[in-house]
Amino acid sequence: MYILRELILEPLQKALFDIGIDGNSWEKMLGPSREKSQGDLSLPCFAFAKQLGKSPNEIAEILSSSISGEFGVSSNGGYLNFAADPFWLANKVLFGDVERSNKSVLIEHTSANPNGPFHVGRARNAILGDTLVRLNRLHGNDVRAEYYVDDMGKQVGVLAWALSNLSEEQVNKILDIQEGLSGKWSNKKDHIIVRYYQAAQILRKDSLDSNIEEEIGKLVHASEHGDDEVLKKFEEAYKPVLEGMLETLLRLGITFDTFTKESKFVVDGTVSSLMEDFESLEIHGVAENGAHFLDLGKRGLKGKTEFYYRRGDGSSLYATRDVAYHMWKWKQSDNLINILGEDHKLQSRQVSLTLNEFGYNTPEVMFYAFIKLPEGKMSTRKGHVVFMDDLLEEAHAQAASVVKNLRTDLSQEEIDFIAEAVGVSAVRYNIIKVSPDKGFTFRWEEALSFEGESAPFIMYSHTRACSISKRVSRSVGNFEIGEIHKSIYELFRAMAAFHDKLDLSVSENKPHIFALYLLELATAYNAFYRDCHVTRDGQVNEFYYAISEKAREMLRDGMNGIGVIPLESM
RNA sequence: GGACACGUGGCCCAGCUGGAUAAGGCGGUGGCCUCCUAAGCCACAGAUCGCGGGUUCGAAUCCUGCCGUGUCCGCCA
């Protein structure tokens, strides 16, 4: 609780000084109480024992009796505990103001190759990234959400080749499908076009016809040299796919401010001039066939230390363009955050070390582990894949059936509206509630869980507050802070943590911290709802109403911060 | 083989800039709707924090060895 910390720091320092503890090395030991029942902040006194020749117990006792202020102090088992005064806390929570951050931040996320629909694994990036965007905005930062479009190189090359060389019939035959794409997504462009890509991949692998590889190679080569016509052809190929992908993201509430094409840096010449600059570096080297690299082993990289940035034929590589891209990004914003899969760790390190070499800073990176399926790795080819579009449909359907059971008063249209919000929120929440560096196995029953640690749990608390708001249907009147019931005190403590958790979540790039916090806030609200009725026999308790309204706003803001939709009724 | 992650009750997961009896959820058992939406609430049961060493007044947390899982080690993206 940061507000409490500010309050006690001075008296605590004085008390410590009086017993012979100088300096402020103890400040980092002052942390949140492990035991909630003991207080909000605790100072373990074990470290002072030797210096003072007293037991930690004694020290804590002495300190507790010498400190006083608008807070509770106590000692227990060698710990000095501080608890927020209920009345003080009520004032802070109901009337306090918080300082907001206002940094400029550029967050690059998703940036998926535009060659096919999102499966849940690929979508983890987009959901984590968008949540970080939202949390930064909630925190007050000026955020730009950016998608780096991979519009050149092999993947798009294969796609473009397939679209201009394969017919619908050929694709179906190669993929061994009789009647072509059927079902729900037969009109969605990413699902349609990915089949051409898949067919081409099979041809490349199985066919003895080496012309295919040669033709694709020519296209890729041309794109890497900035050939206008080829790049245009590539764009025609990937654009509809990307549109289909963005449609899925839009359904998840994910949008971008800017799209930057990889080819930009080839076409405008920055990549080739950058490659010339590389040659002046001390760690620069040239391989036998004329390929160029930097020896990053000299900068602490372990394992394979050569970072190749230029092929023997003089063309650039993906990572080279990524360096150029990052130099450009540093001109757009003072703070860069990238969201990347753990498979990009080495590549990201190479880019960062190279940037450092030119005097640029290292961007912040949030790495996330992959989502597996019970049957193993996600693989489109083996049919081990869960498309985000399918997951969202299923989530909607399940939510609709729950709503239908619970609410017989609603029209089909209202049911659909609620089901969509619940479905999307639940899907997002199940991905962001776990730490990004934890790989997890996708299970339908968990992804579609609407109780316990889930988005609907939080949404439900919020609708309760909305329901009260609707019932009273006016703003909060004059009130005095009344008796502070245990549940109210706990709710205040939870509310006071809002900005602490938001700040932590944003500064550490860990969305799950704030996502899990909202669960605590909702739980605390539920206890308040149970114990303290705002309206009773037609009378409104203004103090309670003020608390409920404040909590409602916090829940709403917090939910928006993680992309969970704050419905007013469900 | 090397590098980097991860390993916490039957299952999922928080805690890991060292601090008090390891926090939640699912599942299990038992209870709560004449009272602002029961997608809720309450109670109970359930943990050698992968294994072995070390550092420390104190280790789930730091160091080290081993085991297991994942990712990477392309002049691919």
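The analysis underlying the following values was restricted to heavy atoms, covering all of them including side chains, and did not include hydrogens, waters or symmetry mates. Since the model is a prediction, treat every value here as computed from it, not as a measurement. So that the names make sense, note that chain A is the first sequence line, chain B the second, and so on, each numbered from 1.
Judged by distance alone, with hydrogens and angles left aside, A:D343 brings no side-chain donor or acceptor close enough to the base of B:A77 to form a pair under 3.5 Å. One can find a donor-acceptor pair under 3.5 Å joining the base of B:C75 and the side-chain atoms of A:N289.
Remark: A:K438 is in phosphate contact with B:G7, judged by side-chain N or O atoms under 4.0 Å from OP1 or OP2. Between A:R530 and the phosphate of B:C41, there is no side-chain N or O to OP1/OP2 separation shorter than 4.0 Å. In this model, the phosphate group of B:A20 is not approached by any side-chain N or O of A:N76 to a distance below 4.0 Å at OP1 or OP2. The phosphate of B:A77 (OP1 or OP2) has a side-chain N or O of A:R321 nearer than 4.0 angstrom. An OP1 or OP2 oxygen of B:A77 is reached within less than 4.0 angstrom by no side-chain nitrogen or oxygen of A:H344. Contact annotation: A:R407 side-chain N/O to B:A39 OP1/OP2 distance is not under 4.0 Å.
Shortest non-hydrogen contact noted between A:R5 and A:E27 is NH2-O, 2.8 Å. A:A200 and A:A162 get closest at one heavy-atom pair: CB-CB, 3.7 Å. The nearest pair of heavy atoms linking A:R311 to A:S316 is NH1-O, 3.3 Å.
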Secondary structure of RNA chain B per the Watson-Crick/G-U criterion (both distances under 3.5 Å; [ ] crossing, | other strand, . unpaired) is (((((((..(((......[....))).(((((.......))))).....(((((..]....))))))))))))....

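Per the geometry, CD belonging to A:Q350 stands 10 Å off C1' belonging to B:C73, to the nearest Å. Rounded to an integer number of Å, the gap from CZ of A:F293 to C1' of B:C76 is 19 Å. A:L80 places its CG atom 16 Å from the P atom of B:A20, with the value rounded to the nearest Å. Taking atom CD1 of residue A:I431 and atom P of nucleotide B:C13, one finds them 14 Å apart after rounding to whole Å. Straight-line distance from the CG atom of A:L159 to the C1' atom of B:A77: 14 Å, rounded to whole Å. The distance between atom CD of A:E35 and atom P of B:G24, rounded to the nearest whole Å, is 10 Å. The CZ atom of A:R349 sits 16 Å away from the C1' atom of B:U71 (whole-angstrom rounding). As a whole-Å value, the separation of A:Q201 CD from B:A77 C1' is 11 Å.
Mapping A:K50 and A:M29 onto RNA chain B by nearest heavy atom places A:M29 at the nucleotide closer to the 5' end. Positionally, the nearest nucleotide of RNA chain B for A:R536 lies more toward the 5' end than for the other of A:F450 and A:R536.
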With 3.5 Å as the limit, what N/O pairs link the protein to nucleotides 63-70 of chain B?
from: B:G70; atom 1: O2'; to: A:E342; atom 2: OE2; distance (Å): 3.4

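Residues of residues 298-311 of chain A that place a heavy atom closer than 4.0 Å to RNA chain B, in numerical order, are A:K302, A:K304, A:Y308, A:R311.
Note: A:Y517 and A:F498 have perpendicular aromatic rings, judged against thresholds of 30 and 60 degrees for the angle between ring planes. Ring geometry, A:Y368 versus A:F370: the interplanar angle exceeds 60°, so the pair is classed perpendicular (tilted spans 30 to 60°). Relative orientation of the A:Y318 and A:Y148 rings is tilted, given thresholds of 30° and 60° on the angle between their planes. Classification of the A:W444-A:F442 ring pair by plane angle, with boundaries at 30° and 60°, yields perpendicular.
At the heavy-atom level, A:T441 lies nowhere under 4.0 Å from the strands shown. Nucleic acid contact class of A:S42 (heavy atoms, under 4.0 Å, all strands): base. Note on A:E224: only backbone sugar-phosphate atoms sit closer than 4.0 angstrom, heavy atoms only; bases stay farther off. Residue A:F46 is classed as a base contact, given a heavy-atom separation below 4.0 Å to a base. Across all strands, A:E520 comes closer than 4.0 Å to no nucleic acid atom at all (heavy-atom distances). As judged by a 4.0 angstrom heavy-atom cut-off over every strand, A:E445 is placed among residues making no nucleic acid contact. Across all strands shown, A:R34 has heavy atoms under 4.0 Å from base atoms, whether or not it also approaches the sugar-phosphate. A:G77 comes within 4.0 angstrom of no nucleic acid atom, judged by non-hydrogen atoms across all strands. Within 4.0 Å of A:A319, counting heavy atoms only, lies no atom of the nucleic acid at all. Note on A:N81: a base of the nucleic acid sits closer than 4.0 angstrom, heavy atoms only. Across all strands shown, A:L406 has heavy atoms under 4.0 Å from base atoms, whether or not it also approaches the sugar-phosphate. The residue A:L346 sits close only to the backbone: its heavy atoms come under 4.0 Å of sugar-phosphate atoms, none of a base. Across all strands, A:M570 comes closer than 4.0 Å to base atoms (heavy-atom distances). Nucleic acid contact for A:C532: base, since at least one base atom lies under 4.0 Å from a heavy atom of the residue.
With hydrogens and angles disregarded, no donor-acceptor distance shorter than 3.5 Å links the side chain of A:R407 to the backbone of A:V402.
For A:E262, the listed nucleotide lying nearest its side chain is B:A77; candidates were B:C57, B:A5, B:A77. Side-chain proximity of A:E451 to B:U21, B:G15, B:G27: nearest is B:G27. For A:S467, whose side chain is taken as the heavy atoms from C-beta onward, the closest listed nucleotide among B:A60, B:A39, B:C36 is B:C36.
Here A:F450 pairs with nothing under the ring pair (Phe, Tyr, Trp, His ring centres under 6.0 Å) rule; sequence neighbours left out. For A:R204, the side chain to side chain contact (heavy atoms under 4.5 Å, CB included) partners two or more places apart in sequence, or in a different chain, are A:K154, A:V158, A:Q201, A:I212, A:E213, A:I216.
For the pair A:R464 and A:Y529, the cation-pi criterion (under 6.0 Å, within 45° of the ring axis) is fulfilled.
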Please report, to 0.1 Å, the donor-acceptor pairs under 3.5 Å made by any side chain of residues 532-540 of chain A, with sequence neighbours excluded.
none

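The separation of B:C16 from B:C63, taken at their C1' atoms, amounts to 14 Å, rounded to a whole angstrom. Going from the C1' atom of B:U8 to that of B:C49 covers 4 Å, rounded to whole Å. Using C1' as the reference atom, B:C6 and B:G40 are 35 Å apart when rounded to the nearest Å. Nucleotides B:C72 and B:A77 are separated by 14 Å at their C1' atoms, to the nearest Å. Comparing B:C12 with B:G18, their P atoms are spaced 29 Å from each other, to the whole Å.
Between A:F293 and A:Y308, the gap from one ring centroid to the other is short of 6.0 Å.
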Side chain to side chain contact (heavy atoms under 4.5 Å, CB included) assessment of A:E279 paired with A:H284: CA-CA 6 Å; A:E279 293 185 32; A:H284 171 262; 3.5 Å; yes

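By the 5.5 angstrom centroid cut-off and the 30-degree plane limit, A:H533 is classified as not stacked against the base of B:C35.
Base orientation of B:C33: syn, since the glycosidic angle falls within 90° of 0.
For the 3.5 Å distance criterion, the side chains of A:N338 and A:H326 qualify, holding a donor opposite an acceptor.
Ion pairing between A:E215 and A:K218 fails under the 4.0 Å rule for side-chain N and carboxylate O.
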